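What follows is a set of notes on a single structure, which appears directly below.
A quick note: this is a predicted structure, and the numbers were derived from the prediction, not measured.
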Amino acid sequence: MKKLILICAAALAAAPLFGWGRQGHYTVAKIAEDHLTKTTKAALDKYLEGESIIIYASYADEHKNDMIQDYGFVGEDGLQKRAYPHTFEADLTFRPTRVLNDNGRYVKNCLVFVEQYTRELQEGAKDMDPKERFEKIVMLVHWLGDMHCPMHIRYYPVDMEIGHQNVIFKGEPYRYHTYWDTDCITARYPWSFSDLAKICDICSKEEIDEICEGDVWDWAEQCARDSYPVHQMKEGDKITAKIIDSHLPLVRQQLRNGGYRLAHTLNMIFDAKYAKKWSKK
């Protein structure tokens, strides 16, 4: 496991960014870590060999080629469908797509795997092969961040590009997806991820419980509904200071919600008392 950490650290300088950049993913993980129960922390300390979940928040991006998932079907093009799923689809009523195979159409859907890995870890984390368990934990840490990034949502069938258009940012053509990966955060929040986590983590226990109500499909629906307005930027549109400022409330909300829901997911997996108490609400 220690070798994995060294590999991850060595890759940080050169690896491309996907979804939230490192600051966003680390912020989500930091918020989550601050809301883990003692029982969950002890389990993660054991399974991650003493390392924080923050260390692994961007691990999946740094090792993208090792995190390919088998989608279990052959598409219309005759090819076996395998991918690194870190986005999801929603329809125009904002309901998330719940499948990987839509009558032969390949649906890049991390939500299916979030649900699957959560269930598998709940049912048998103790008995899992250590490598498999490690991968499922770090993927959940990553996916719960990614699904809250506004440009990780495809609106079927009208907007499937997840921000691939070029906008004008700082006077130059700039990929809109890349802006949402990192620049929407760093343009106004140039501090450390822990500082940003402190700024975002402002909710009461009652508010956190409300944010965590439902399941991954309910959370995805909220993400899709709240993120839809920022998908209206067109090729060549200019990102002004005013537009950046208008995005900041959504940025803070999504980082905060991702952190709370990640903590909730891990607590539901590794703390039976937490899960039992939550089931009675």
Side-chain angles (χ1 to χ4, degrees), residues 4 7-8 11 14-22 24-25 28-29 56-91 94-121 128-129 131-165 175-178 180-182 215-217 219-221 223-224 227 231 254 258 261-262 265:
L4 291 174
I7 293 171
C8 184
L17 299 178
F18 307 90
W20 294 123
R22 296 181 191 106
H25 274 296
V28 169
Y56 295 112
S58 287
Y59 181 92
D61 284 343
E62 315 305 342
H63 298 272
K64 181 180 178 182
N65 291 335
D66 298 324
M67 298 297 176
I68 303 300
Q69 306 294 318
D70 187 352
Y71 274 40
F73 75 101
V74 175
E76 293 178 344
D77 56 7
L79 299 177
Q80 182 71 23
K81 292 306 178 183
R82 303 176 71 245
Y84 170 58
H86 60 160
T87 63
F88 71 90
E89 285 185 14
D91 63 23
F94 309 120
R95 289 178 298 184
T97 304
R98 291 179 176 243
V99 298
L100 300 174
N101 174 4
D102 184 12
N103 296 318
R105 186 178 67 87
Y106 176 34
V107 182
K108 296 180 179 179
N109 193 343
C110 69
L111 305 176
V112 170
F113 293 100
V114 170
E115 184 178 60
Q116 176 187 328
Y117 284 12
T118 299
R119 181 181 64 254
E120 290 173 350
L121 286 166
M128 274 187 187
D129 173 80
K131 182 176 183 295
E132 178 187 1
R133 183 175 56 219
F134 166 79
E135 290 183 353
K136 290 185 187 302
I137 292 171
V138 299
M139 289 307 295
L140 282 180
V141 171
H142 193 75
W143 282 330
L144 263 294
D146 267 350
M147 66 172 284
H148 285 82
C149 182
M151 284 304 120
H152 272 233
I153 306 165
R154 292 175 165 86
Y155 295 90
Y156 184 78
V158 299
D159 180 8
M160 302 292 285
E161 293 302 315
I162 58 172
H164 284 186
Q165 70 270 30
R175 191 180 179 208
Y176 191 46
H177 188 110
T178 305
W180 273 99
D181 281 355
T182 300
D215 57 21
V216 66
W217 308 104
W219 303 342
E221 184 172 339
C223 291
S227 298
H231 277 252
Q254 292 303 96
R261 289 164 176 167
L262 172 57
T265 299

Q: May I ask you to decide if G21's main-chain N or O and D181's side chain share a donor-acceptor pair within less than 3.5 Å?
A: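 Side chain of D181 to backbone of G21: no pair is present.
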
**Q.** Backbone N/O of L144 and side chain of H148: donor-acceptor pair under 3.5 Å
**A.**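 Side chain of H148 to backbone of L144, a donor-acceptor pair under 3.5 Å: yes, one is there.
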
Q) Side-chain contact, heavy-atom cut-off 4.5 Å: W143 with H86? A)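 Contact flag for W143/H86 side chains = yes.
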
Q.
If you define the side chain from C-beta out and look only at heavy atoms, does anything of Y155 sit under 4.5 Å from D91?
A.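 SC-SC contact between Y155 and D91 ruled out.
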
Q) Are Q254 and W20 close enough that a side-chain donor and a side-chain acceptor fall under 3.5 Å? A)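 On atom types as modelled, these side chains do not qualify, holding no pair under 3.5 Å.
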
Q.
How long is the straight-line distance from CG of L111 back to CD of Q116, given to the nearest 0.5 Å?
A.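 So the gap between those two atoms works out to 12.5 Å.
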
What residues, two or more places apart in sequence or in another chain, satisfy side-chain contact (heavy atoms from CB on, under 4.5 Å) together with [X]?
X    : answer
D66  : H63
N101 : F73
R175 : H164, N166, H177, T178

Checking [X] now: which residues fulfil side chain to side chain donor-acceptor pair (under 3.5 Å) with it, not counting sequence neighbours?
X    : value
D70  : Q80
Y117 : Q69
T87  : R154
R98  : none

Among residues at least two apart in sequence or on other chains, which ones pass salt bridge (charged side-chain N to carboxylate O under 4.0 Å, His left out) with [X]?
X    : result
D129 : none
R105 : E89, D102
E221 : R225
D215 : none

**Q.** F113 ring center near Y71 ring center (under 6.0 Å)
**A.**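 Yes: the rings meet the under 6.0 Å criterion.
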
Counting only pairs under 3.5 Å, give me each side-chain donor-acceptor contact of residues 132-141, with atom names and distances, residues two or more places apart or in other chains.
{"from": "R133", "atom 1": "NH1", "to": "A125", "atom 2": "O", "distance (Å)": "2.9"}
{"from": "E135", "atom 1": "OE2", "to": "K131", "atom 2": "NZ", "distance (Å)": "2.6"}
{"from": "K136", "atom 1": "NZ", "to": "E120", "atom 2": "OE1", "distance (Å)": "2.8"}

(Q) Using 30° and 60° as the class boundaries, would you call the ring planes of Y56 and Y59 parallel, tilted or perpendicular? (A)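 If you compare the ring of Y56 with that of Y59, the planes turn out perpendicular.
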
Q. Step by step, would you call N65 with Y84 a side-chain hydrogen bond (donor to acceptor under 3.5 Å, both in side chains)?
A. CA-CA 8 Å; N65 291 335; Y84 170 58; over 6 Å; no

